[in-house]
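FYI, side chains are in, hydrogens and waters are out, and symmetry mates aren't considered; it's all heavy atoms of this structure. Below, chain A is the first sequence line, B the second, and so on; all start at residue 1.
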Protein chains: 2
Amino acid sequence: MADDGDEAAKRPVTIYDVARAAGVAPSTVSRAFARPGRVNADTAARIRQVAAELGYRANPMAQALSTSRTKMIALMISDVTNPFYSELIRGAQLAASEAEYTVLLADARESDVVERLSLERVLPAVEGIVIGSSRMSDSSLRVIAKQKPTIVLNRDVAGLPSVVTDNPRGVRRAVEHLGELGHQQITYVAGPEASWADGARWRALREAGHELELHTRRVGPVPPTVVGGRGVVEKLLDNLPTAVLAYNDLVAIGLMRGLAAAGIDVPRDVSVIGFDNIMAAELVTPGLTTVAAPLRTMGVTAVKNLQAIINGALHRSEAAFVLPTRLVQRESTARARR
Amino acid sequence: MADDGDEAAKRPVTIYDVARAAGVAPSTVSRAFARPGRVNADTAARIRQVAAELGYRANPMAQALSTSRTKMIALMISDVTNPFYSELIRGAQLAASEAEYTVLLADARESDVVERLSLERVLPAVEGIVIGSSRMSDSSLRVIAKQKPTIVLNRDVAGLPSVVTDNPRGVRRAVEHLGELGHQQITYVAGPEASWADGARWRALREAGHELELHTRRVGPVPPTVVGGRGVVEKLLDNLPTAVLAYNDLVAIGLMRGLAAAGIDVPRDVSVIGFDNIMAAELVTPGLTTVAAPLRTMGVTAVKNLQAIINGALHRSEAAFVLPTRLVQRESTARARR
DNA sequence: ATGAAAGCGCTAACAC
DNA sequence: GTGTTAGCGCTTTCAT
């Protein structure tokens with residue numbers, strides 16, 4: 001009952017049109033929307049009324065130009081296609097729209113060049129940036145970060161605020177689980193060397209293994225994908241462990257498929273644990289036991305903190321926000337039989 | 001070798017700064033970037049040089065305000081979390097960035113209310129919209145479409161340009177495949193009633209069944225998710241078919257899990273075919289035979305066509321762009337044994 | 001080929 | 001509380 005763009009959908013309704021129709025000055029219209037308190041209640045009401053009738057919609061570009069607040073943030077991720085990001089994007093969207101912000105999704109397509117380029121392109125349009133699993137170097141990230149408020153995900157760049165998962169605890173739980181099942185040695189299938197999470201996980205595994213007196217070994221690195229996991233099976237075969245911890249779920253799934261193809265049964269012959277708990281983890285057979293990351297919460301947290309920084313609350317909080325993980329037990333782990 | 005924002009990263013470099021440093025008028029700087037032809041080659045070179053040294057970056061908001069071209073398009077999808085969209089987003093991004101456009105990702109979270117709201121919010125900021133699997137009514141879509149160039153995906157709204165997959169051919173191939181395997185009856189597990197694709201698929205199945213003399217039946221509708229598929233198993237049990245065609249891969253996967261839980265083997269006891277060929281289709285066991293949609297191409301096509309419309313090429317091309325499908329055979333289909 | 005000036009739609013002082 | 005007046009950074013006539 002307000003939308004009647006019969007024909008003249010050409011020139012958009014401006015603040016001036018509303019001002020004229022309501023018999024007030026343009027600035028008053030502006031106030032009526034931005035600072036309702038600073039304007040007479042009736043006047044405000046009338047203005048809103050007229051605006052609605054006219055179908056007035058503020059021009060965000062003009063607002064942005066004038067206030068230099070674009071109400072947009074960028075979410076840069078290394079690969080939209082990676083299911084890891086689905087829930088994360090959802091979370092980011094949620095938090096952003098709550099604050100009336102819009103998110104510009106940028107996809108690095110696994111390339112640091114593409115990443116830098118798209119970052120450059122969106123930078124001037126946004127108030128802040130959330131960078132998920134960047135492919136760029138720490139120094140490049142710092143260059144970006146000094147231009148706009150930035151927050152990194154799953155990575156620890158000295159001086160930049162970040163949101164990460166509690167890898168040590170997660171790994172610890174996984175190792176305990178394996179220990180309870182009687183496993184004596186655990187092989188870690190490593191992901192990209194540039195990945196901060198990879199380092200954190202392997203380190204944590206070594207420590208936990210040491211404490212719990214389990215042998216640990218590391219193979220890889222492999223690409224963080226299903227084919228990456230599948231490709232490493234051969235190397236595993238030489239010296240088949242009874243348990244493996246994979247860099248992430250995708251690698252774990254590839255691994256399981258490769259093992260199956262080689263006639264090795266999971267979990268009877270070897271137990272497999274992944275990381276992240278992406279949707280596919282519960283769809284595969286056997287269901288994948290995994291160290292679940294609070295994907296959606298990560299997105300929410302990142303955006304909320306970014307907003308805090310934008311609004312001048314937090315400064316460069318050196319400390320990383322660390323989010324809890326939990327072990328989701330499915331069917332890919334079982335009692336050791338060797 | 002151009003980025004030295006030592007300290008004064010505060011006020012961004014404007015066209016005026018460049019103009020002064022290069023000893024020309026601001027308008028000339030503007031020209032040098034927008035219409036290199038209309039400016040003396042040396043002058044242009046000098047300007048570019050100076051601009052690079054100063055680290056000049058055009059303010060997109062100011063450009064947009066002045067030209068009313070925001071260089072942004074919106075991609076509205078019903079659920080970011082649905083893997084169906086991953087490749088599609090990738091495709092859209094690719095096409096957009098090729099044309100130097102940025103995409104605003106909007107997530108309807110399966111709600112027509114959220115969808116309308118976010119659409120309203122992004123509308124003024126973009127030059128056009130791609131709507132994937134909308135939850136809104138045809139008339140609401142038309143209201144949107146008359147405000148900005150719009151293109152719909154997987155849906156046929158009279159008068160609006162659209163990009164769809166060739167459901168009839170896809171279904172036909174699936175049915176032929178099943179026929180060759182000796183199946184006599186096919187049950188269709190329906191998706192959301194509001195889904196255009198659902199209607200198209202069921203209709204196509206009926207026709208193909210008729211032509212090839214196979215019995216067809218329909219159960220559902222169910223939500224287009226794994227749990228949706230799983231929930232329909234019970235209904236199937238009454239009168240177990242030898243073959244089922246599911247609304248999409250997610251439903252098919254849920255179905256397979258439900259059947260397995262009920263002690264029914266796929267494909268020995270019943271063959272299952274899905275739609276879309278999302279990544280999970282090849283990860284599940286058995287691998288899912290499915291009618292693959294050219295996901296990425298859909299994204300690319302939608303954006304390219306949208307751009308064509310924005311640039312005034314196509315008008316409201318009544319005809320839908322139909323993209324080919326292909327049957328991907330995996331392990332969920334086998335010879336009928338009943 | 002270049003400069004000067006007006007204006008895109010909105011907000012933000014600054015008056016009254 | 002409301003009107004007036006400048007801009008925000010860029011593009012675009014219109015002169016020259």
Working to the nearest 0.5 Å, report the span between CZ of Arg11(B) and OG of Ser68(A).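 Output value for this atom pair is 12.5 Å.
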Is it true that Glu115(B) and Arg109(B) make a salt bridge, defined as a side-chain N closer than 4.0 Å to a carboxylate O?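 A salt bridge is absent here (no side-chain N lies under 4.0 Å from a carboxylate O).
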Quick one: do Glu127(B) and Lys71(B) make a salt bridge, cutoff under 4.0 Å?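 Salt bridge: no.
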Rounded off to whole Å, could you give me the [atom1]-to-[atom2] distance for the [X] and [N] pair?
X: Met61(A); N: dT11(D); atom1: CE; atom2: C1'; answer: 16 Å
X: Ile47(B); N: dG3(C); atom1: CD1; atom2: P; answer: 8 Å
X: Asp17(A); N: dG9(C); atom1: CG; atom2: P; answer: 9 Å
X: Arg11(B); N: dG9(D); atom1: CZ; atom2: C1'; answer: 11 Å
X: Leu65(A); N: dC8(C); atom1: CG; atom2: C1'; answer: 9 Å
X: Lys71(A); N: dC10(C); atom1: NZ; atom2: P; answer: 16 Å
X: Ile15(B); N: dT11(D); atom1: CD1; atom2: C1'; answer: 8 Å
X: Arg31(A); N: dC10(C); atom1: CZ; atom2: P; answer: 15 Å

[N], OP1 or OP2 - any side-chain N/O from [X] closer than 4.0 Å?
X: Gln63(A); N: dT11(C); value: yes
X: Ser27(A); N: dT2(D); value: no
X: Ser30(A); N: dT11(C); value: yes
X: Thr28(B); N: dT2(C); value: no
X: Thr43(A); N: dT2(D); value: yes

Could you check whether the side chain of [X] and the base of [N] have a donor-acceptor pair of N or O atoms closer than 3.5 Å, going by distance alone?
X: Tyr16(B); N: dC10(D); value: yes
X: Arg57(B); N: dG9(D); value: no
X: Arg35(A); N: dG1(D); value: no

For a quick check of understanding: with a heavy-atom distance under 4.0 Å over all strands, which category does [X] fall into, base, sugar-phosphate or nothing?
X: Val29(B); value: nothing
X: Arg69(A); value: nothing
X: Phe33(B); value: nothing
X: Ala58(B); value: sugar-phosphate

Kindly point out which of [options] is positioned nearest to the side chain of [X]?
X: Thr67(B); options: dT11(D), dA1(C), dA12(C); result: dT11(D)
X: Ser66(B); options: dC10(C), dG9(D), dT2(D); result: dG9(D)
X: Thr14(A); options: dT2(D), dG3(D), dG9(C); result: dG9(C)

Pick the closest DNA chain D nucleotide for Ala34(B) and for Asn40(A) by heavy atoms, then say which residue is nearer the 5' end.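 On the 5' side of the pair lies Asn40(A).
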Please answer whether the main-chain N or O of Val13(A) pairs with a side-chain N or O of Asp17(A) as donor and acceptor at a distance below 3.5 Å.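 No: the side chain of Asp17(A) does not pair with the backbone of Val13(A).
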Would you say Lys148(B)'s side chain and Ile129(B)'s backbone share a donor-acceptor pair under 3.5 angstrom?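 A pair under 3.5 Å: no.
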Need to verify one output field. Residue with the more 5' nearest nucleotide on DNA chain C, Gly37(B) or Pro60(A)?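 Closer to the 5' end of DNA chain C: Gly37(B).
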As a quick check of understanding, evaluate ring-ring contact (aromatic ring centres under 6.0 Å, His included) for Phe33(B) and Tyr56(B), giving each step before the final call. CA-CA 11 Å; Phe33(B) 286 105; Tyr56(B) 167 72; 5.7 Å; yes
